[in-house]
There are 2 protein chains.
Amino acid sequence: MKRNTRQREAILSTLYGSGRSLSPVEIRAEASVYVPGLSLPTVYRQIKGLVEEQAVSQVDLPGQSPRYEAPCDAHATVAGHHHHHFHCDVCERVYPIHACPGSMATLAPKGFRVERHDVTLHGRCASCAARA
Amino acid sequence: MKRNTRQREAILSTLYGSGRSLSPVEIRAEASVYVPGLSLPTVYRQIKGLVEEQAVSQVDLPGQSPRYEAPCDAHATVAGHHHHHFHCDVCERVYPIHACPGSMATLAPKGFRVERHDVTLHGRCASCAARA
DNA sequence: GTGGATGCAAACTCTTTGCACCTTG
DNA sequence: CAAGGTGCAAAGAGTTTGCATCCAC
């Protein structure tokens with residue numbers, strides 16, 4: 001997965017252009033504007049390669065299939081930086097949260113070694129909240 | 001889904017007997033001890049009904065298929081109470097965390113309305129940490 | 001020109017559904 | 001005895017793979 005095909009470029013620019021996390025189907029829909037006929041298997045193969053080379057990161061939210069996002073450039077860490085996500089219950093979109101409640105090691109029972117945490121917020125995003 | 005069949009009893013006692021969240025396959029494996037030949041479709045149908053009547057709650061962790069657990073009786077709230085989960089990276093088991101970092105409404109951007117949050121801790125459970 | 005990438009179709013996994021038979025109340 | 005539950009097999013949904021063709025280098 002190193003060649004600059006039209007498909008790869010379309011997928012990459014879709015991910016880097018969007019400020020949020022996209023599902024494979026969303027990626028296909030957006031990238032199809034640049035490459036009509038783009039196939040879903042190609043999207044899956046490209047994102048798999050892109051995740052491996054850390055050009056894109058995978059976002060797993062509870063109860064949802066994986067989404068993908070461009071590493072945040074606001075903090076310019078090469079391999080992306082620690083952040084969380086907000087899932088809008090209305091439009092189903094996923095937005096990055098550049099804040100963190102901090103270590104949660106003390107929440108676990110004695111003897112448990114906490115090495116990582118995931119936080120997902122749910123509710124209404126700004127535009128869906130304004131609409132209500 | 002109201003009749004007390006052997007299958008239903010086996011599934012319920014498996015969930016109530018285990019102190020953690022189980023996947024449908026795990027439920028089937030455990031409950032098969034009481035009902036040999038228990039089928040996976042029956043497990044899926046029973047848990048669906050049990051979740052609807054709130055006798056069991058569904059646990060969605062990031063990147064994982066759903067698990068199911070008996071509502072925690074330590075706090076004795078009928079419909080279960082707010083809690084989180086710990087996922088062991090070694091044995092893949094999921095344990096309840098009866099603590100919560102508190103509201104995270106301030107983490108979201110302006111205009112976002114936060115109504116709920118999920119927290120998942122990852123690392124090593126007590127027995128896997130002791131073994132290392 | 002050659003090897004990697006693409007698109008199609010088929011395979012796979014997980015979950016759900018149709019249906020004949022069995023069991024609970 | 002009737003309504004509901006079970007097991008089997010097959011159908012769906014989402015993702016991955018095989019393969020012939022195409023295209024970037």
Side-chain angles (χ1 to χ4, degrees), chain A residues 1-16 20-69 85 87 92-94, chain B residues 1-16 21-69 87 92-94:
Chain A
M1 286 297 182
K2 304 161 192 170
R3 291 190 180 178
N4 287 344
T5 61
R6 292 176 306 129
Q7 290 86 345
R8 178 187 179 88
E9 292 306 312
I11 292 168
L12 264 177
S13 62
T14 294
L15 285 167
Y16 277 77
R20 53 192 185 85
S21 309
L22 303 176
S23 69
V25 170
E26 285 175 318
I27 295 170
R28 184 198 184 176
E30 299 262 336
S32 289
V33 175
Y34 307 105
V35 181
L38 174 65
S39 72
L40 213 34
T42 291
V43 172
Y44 278 105
R45 281 188 280 235
Q46 282 292 346
I47 58 188
K48 183 177 179 183
L50 291 169
V51 166
E52 278 168 9
E53 19 179 306
Q54 304 190 2
V56 156
S57 53
Q58 179 168 333
V59 177
D60 290 320
L61 298 193
Q64 316 230 344
S65 12
R67 290 157 194 257
Y68 301 88
E69 68 184 12
H85 296 90
H87 176 257
E92 299 281 307
R93 289 182 178 170
V94 172
Chain B
M1 283 299 184
K2 304 160 191 169
R3 292 189 180 177
N4 286 342
T5 60
R6 294 177 305 129
Q7 291 85 345
R8 178 186 178 88
E9 292 306 313
I11 292 168
L12 263 177
S13 62
T14 294
L15 285 167
Y16 277 76
S21 309
L22 303 176
S23 69
V25 170
E26 285 176 319
I27 295 171
R28 183 197 187 179
E30 299 262 335
S32 288
V33 175
Y34 306 104
V35 181
L38 174 64
S39 72
L40 214 31
T42 291
V43 172
Y44 279 105
R45 280 187 280 233
Q46 281 294 347
I47 58 186
K48 183 178 179 182
L50 291 169
V51 167
E52 277 167 9
E53 18 178 307
Q54 304 190 3
V56 157
S57 53
Q58 178 168 334
V59 177
D60 289 320
L61 298 193
Q64 316 231 343
S65 9
R67 293 158 193 256
Y68 301 88
E69 66 184 13
H87 176 257
E92 299 281 307
R93 290 183 178 168
V94 172

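With a 4.5 Å cut-off on side-chain heavy atoms, B:Pro62 and A:Leu61 do not count as touching. Looking at heavy atoms from C-beta onward, B:Tyr68 lies out of side-chain contact with B:Ser23 at the 4.5 angstrom threshold. Contact check for B:Pro24 versus B:Ile47: side-chain heavy atoms found under the 4.5 Å cut-off.
The shortest heavy-atom contact between B:Glu30 and B:Thr14 is CB-CG2, 3.3 Å. B:Ala10 approaches B:Tyr34 most closely through the heavy-atom pair CB-CB, 3.9 Å.
Considering A:Arg67, A:Glu69, A:Gln58, A:Glu26 in turn, A:Glu69 is the only one that fulfils the side-chain hydrogen bond (donor to acceptor under 3.5 Å, both in side chains) rule with A:Ser21.
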Legend entry - B/S/- contact track for nucleotides 12-25 of chain D, protein heavy atom under 4.0 Å: ---SBBB----BBS
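When rounded to the nearest whole Å, the span between CD of B:Gln64 and P of C:dC14 equals 13 Å. We find that CD1 of A:Ile47 is positioned 15 Å from C1' of C:dA5, with the value rounded to whole Å. Per the geometry, CD belonging to B:Glu53 stands 14 Å off C1' belonging to D:dG4, to the nearest Å. For the pair B:Gln46 CD and C:dT24 C1', the computed distance is 13 Å after rounding to whole Å. Between B:Ile11 atom CD1 and D:dG7 atom C1' there is a gap of 13 Å when expressed in whole angstrom units.
OP1 or OP2 of C:dG7 lies within a sub-4.0 Å distance of a side-chain N or O belonging to A:Gln7. Between B:Thr42 and D:dG7 there is a side-chain N or O to OP1 or OP2 distance below 4.0 Å.
Ion pair B:Glu53/B:Arg8 flagged as a salt bridge, since at least one NZ, NE, NH1 or NH2 atom sits closer than 4.0 Å to an Asp/Glu carboxylate oxygen.
Counting non-hydrogen atoms of other residues, nucleotides and ligands closer than 6.0 Å to CZ of A:Arg20 gives a total above 12.
Overall bending of the helix from C:dG1-D:dC25 to C:dG25-D:dC1, expressed as the angle between end axes built from five pairs apiece, is 30° (10° steps).
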